[in-house]
Amino acid sequence: MLTKELLNKYTPVVGLEVHAQLLTNSKMYCTDQNQYGSLPNTNIGVITLGHPGTLPMVNRKAIEYGIKMGLACGCAISRHNYFARKNYFYPDLPKGYQISQDKTPLCMDGSVDIMLKDGSQHSIRLTRIHLEEDAGKSIHLDHEKDTLVDFNRAGVPLIEVVTEPDIRSSEQAYALLTEIRKLVRYLAICDGNMEEGSLRCDANISVMPKGSDTFGNKVEVKNMNSIRNVQRAIEFEIERQIMLVEKGETIVSETRTFDAIAGVTHSMRTKEDLNDYRYFPEPDIAPLHINEEWINQIKAEMPSLPQQLFRQFTQEFGLPTYDAQVLTDTKEIALYFEEMCKNTSNYKAASNWMMGPIKSYLNELTLHIKDFPLSPKQITKVIAIIDEGKMSFSAAAQKLFPELINNPQMQPIELAKQLNLLQESDLGMILPLIEEVLEQYPDKVAEYKSGRKNLIGLFMGEVMKKSRGKADPKATSKLLKEKLEA
Amino acid sequence: MKAYTALAEIQKGLAKGEVTVVQLVRHYLDQIEQKKDLNAFVHVFEQEALERAQEVDQRIAKGNAGKLAGMVLGIKDVLCYKDHPVQAASKILSGFESQFTATAIQRLIDEDVIIIGSLNCDEFAMGSTNEHSTYGPAKNADFPDCVPGGSSGGSAVAVQAGLCLASLGTDTGGSVRQPAAFCDVIGLKPTYSRISRYGLIAYASSFDTIGIFTKNIEDNALLLEIMAGKDDFDSTASQQPVPKYSQHTQWEGKARVAYLKETIEHEGLSPAIRAEMEQVLNRLREEGHHVEPVSFPLLDYVLPTYYILTTAEASSNLSRFDGVRYGYRAEAQNLDQMYTQTRSEGFGEEVIRRILLGTFVLSASYYDAYYTKAQKLRRLIQDSTREIFKQYDFILLPTTPTTAFELGKKLQSPIEMYLADLYTVQASVAGIPSISIPVGKDEQGKSIGLQVMADFFQEQKIFAFANELISLQKTHVNTL
């Protein structure tokens, strides 16, 4: 068993390689459709199939998406891009090589910042982001003797994000992958769906004694189809490796696969029988030059990113970290919130509405924010009504909000009037009521004046009754005190 | 019917009604049938060619025929033509038909060319004799015991023997120029990237060019003019505008001509070719052209550079022939067996040799020693070749060290066969244009070819000067 003491003797070292399928209309090197879920072998033209005489054509949109990811991670963008061939034989690889990038990745350096549950922040450096094409899918059916191949996925554009070995725990890996998924979704370059394989992750894992600066032999783990499983696989691997080292055994450099059901990793192949990929510059694609103008154009089209919004929400809007985290979790929620904040300066109220009534409504009906019937402006109008003291938050959330959802075209103030939900804070209207009540209970007034201050509740209740609940409590209480203590 | 050798004559004949395109096609079909033993054509598109001919005749009658109306063309068996068989003379593509048409071919078809069939060659364009073909060797029409050269042997023979007016080959290290020299015809290798490679079954991508065989410069220039130019399907195709090559094919003024001392002095060069070469140079001097020797010490490095880089690319380019999706597949029990059996049985000896060599030079432990070094040498060879063009318009050199040799003679010695490319690979390594023109005969009457090389995209100049050389040669022969 891995005890806490034992774990503390070691430093785990983890690096991730994340593949993201890009949401382009067509494939990386031809005009065949890039569409998940089509019938097998329907999006396959002669270029996808690597017919003799065909040549690749670079998809500029894929390059643009790659640059976007690079800019989002603060990478340097390579101005001169060369593609490279990675040679290996497999039935789902039509040309017998994958067109990738080797010595000149599209993006270099950069980093992704993560925050853990304990609030600690870490910056994970990236080695590179490069472009490549996906392979087809080999399908092994139970009743089929033969292996079937679906080439629809062959040639789908991918970016591969490679991190430095900066990750020190499975929790950090979880946070990093979550952050990367958030980024690709914010940038709308990948749907980030790990179950469908549009986002895939391999982890390189090793352990070394605490204080050492020499990494242990690393193990590559594949086949983790959720972020949670990446975390589980790393946890398992760290424990396995520490136990082996404790026993005085050496870690074999190898590729292992994760079995999600058993929660363990199994050896797939050792590094000795690793392929020699014989990388060399792809002679069928002219070098691709990226100029400042193109980069600036892409920069101008970049959406706000989660980290920027987080900083804005915490620093400018003064929101608590928790609020900002929840609000930036998905792009659409963040944008909705940002939109609200253009129309109100009561940011905390906007955040409360977002995280309270709106989220519960969406959760209850399992709706997406884009299906939410009310515009951010409608909600800020409700906030304004509350801030003016004309309605309590609870009345607004419980009574006005559901009605407004049913009548999204109505002005909130009109609807509130119709529903008779507005409070009176008009002194001219409250004052006569107060005077009436004080005249009604002269003995109670005397008692109050002799020190029974809690009698204020009684007077308040009476005024509210007379106003049929519409008197603004704050204003009423203030005015009552003035009268009684005059 | 009159035996036409130039499109201009044919088009005159068509205009006057002396001949029809259908008659022309029938004539060539006849010739192909009669000279079947040459083994030049591997597929003849008889019915279709006749139907196309009829259509072109109709368009001529209506006055809306294309620039190539009357041109009957054969294409090397490595060029894709939709719904037609193409198998790079290899067993591994047995029964394969292309599902698309090469960009260059389509441009010719759009101008009413008639494609009469596909032509024999060395398997995947690898070879210098056309003996490495699943269809058996093509034969030199003038000396049927001799090779026509390669790899585009069938294409050279087809024009030599009058089986079609012109033909397309491909030239990676001399595969158009060398057979042109052996077969007494004109063969052009344009600047690399001048013609789109889309639809050319790759041997070595950074060297491959489509090349043109004709009996005269004008036809060659016109075909290039129509095929050349940028192509969305080939990002490596040049964006350079395409001049009207066919409209300016006469040389004016005095040329500055260099010849490479090392090529003339090379021990492998046959005395007859050396003598012919010297005569040509003297005649040029007599005509007032400026002719000088220059030194090219890198000559010995050209062949090794070429073979390292082309085999490296070939080993990767030919990976797609794995029996999975198309072509030949061997019966096997498991995946590894399927790969090894399919490829061992499907590829011929020369192709296997080059794949092995290419895989070796790209392997991690040898990459820097071979591939990287060869890349650097390629740059050096290119730079020092282009350096010569700062002072000279052209470099003249023999196309081949020898004239056509007997079938089977060099089959057992790949190294000797590789030497047949000694003079042609320089232009391929440098990427510059080069043409081979027939300039004479050796003592046995075998044709001798001479190459004219120029700087990038100087095809216009090459055509004009080649014409000048041809007419000089004619006057010379007439005065003898």
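By convention in this document, chain letters (A, B, ...) are assigned in the order of the sequence lines, proteins followed by strands, and residues within each chain are numbered from 1. All values reported here derive from a predicted model rather than from experimental measurement.
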Does any backbone or side-chain atom of A:Asp284 lie under 4.5 Å from a heavy atom of chain B? Answer side chain, backbone, both or neither. both

A:Leu288, part contacting chain B, at a heavy-atom distance under 4.5 Å: neither

Flag side-chain contact, heavy atom, 4.5 Å: [X] against [Y]:
X	Y	value
B:Val361	A:Phe280	no
A:Thr54	B:Gln99	no
A:Tyr88	B:Ser319	no
A:Lys95	B:Ser316	no

Measure distances from [X] to the heavy atoms of chain A and classify the residue's part below 4.5 Å as side chain, backbone, both or neither.
X	result
B:Ala102	neither
B:Leu335	side chain
B:Tyr371	side chain
B:Leu93	side chain
B:Ser98	neither
B:Asn317	both
B:Tyr367	side chain
B:Phe207	neither

A:His51/B:Phe96 aromatic ring centres below 6.0 Å: yes

Pairs of heavy atoms under 4.5 Å with chain B: top-ranked of A:Pro287, A:Gly50, A:Pro56: A:Gly50

[X] side chain to [Y] main-chain N or O, any donor-acceptor pair under 3.5 Å?
X	Y	value
B:Arg325	A:Pro94	yes
B:Arg320	A:Gly96	no
B:Ser205	A:Pro283	no
A:Asp276	B:Ser363	no

Side chain to side chain contact (heavy atoms under 4.5 Å, CB included), that's the test. Do A:Tyr90 and B:Asp322 meet it? Break it down for me. CA-CA 9 Å; A:Tyr90 206 70; B:Asp322 57 4; over 6 Å; no

If you count heavy-atom pairs within less than 4.5 Å of chain A, which of B:Ser196, B:Ser206, B:Gly199 leads? B:Gly199

If you tally heavy-atom pairs under 4.5 Å against chain A, which of B:Val78, B:Val86, B:Thr359, B:Asp234 wins? B:Thr359

Using a 6.0 Å cut-off, check whether atom [atom1] of [X] has over 12 heavy atoms from anything other than its own residue.
X	atom1	value
B:Asp232	CG	no
B:Phe233	CZ	no
A:Glu144	CD	yes
B:Gln333	CD	no
B:Lys91	NZ	yes
A:Glu301	CD	yes
A:Asn25	CG	no
B:Arg379	CZ	no

Side chain to side chain contact (heavy atoms under 4.5 Å, CB included) between A:Phe89 and B:Arg343, worked out: CA-CA 12 Å; A:Phe89 284 100; B:Arg343 290 168 64 82; 3.7 Å; yes

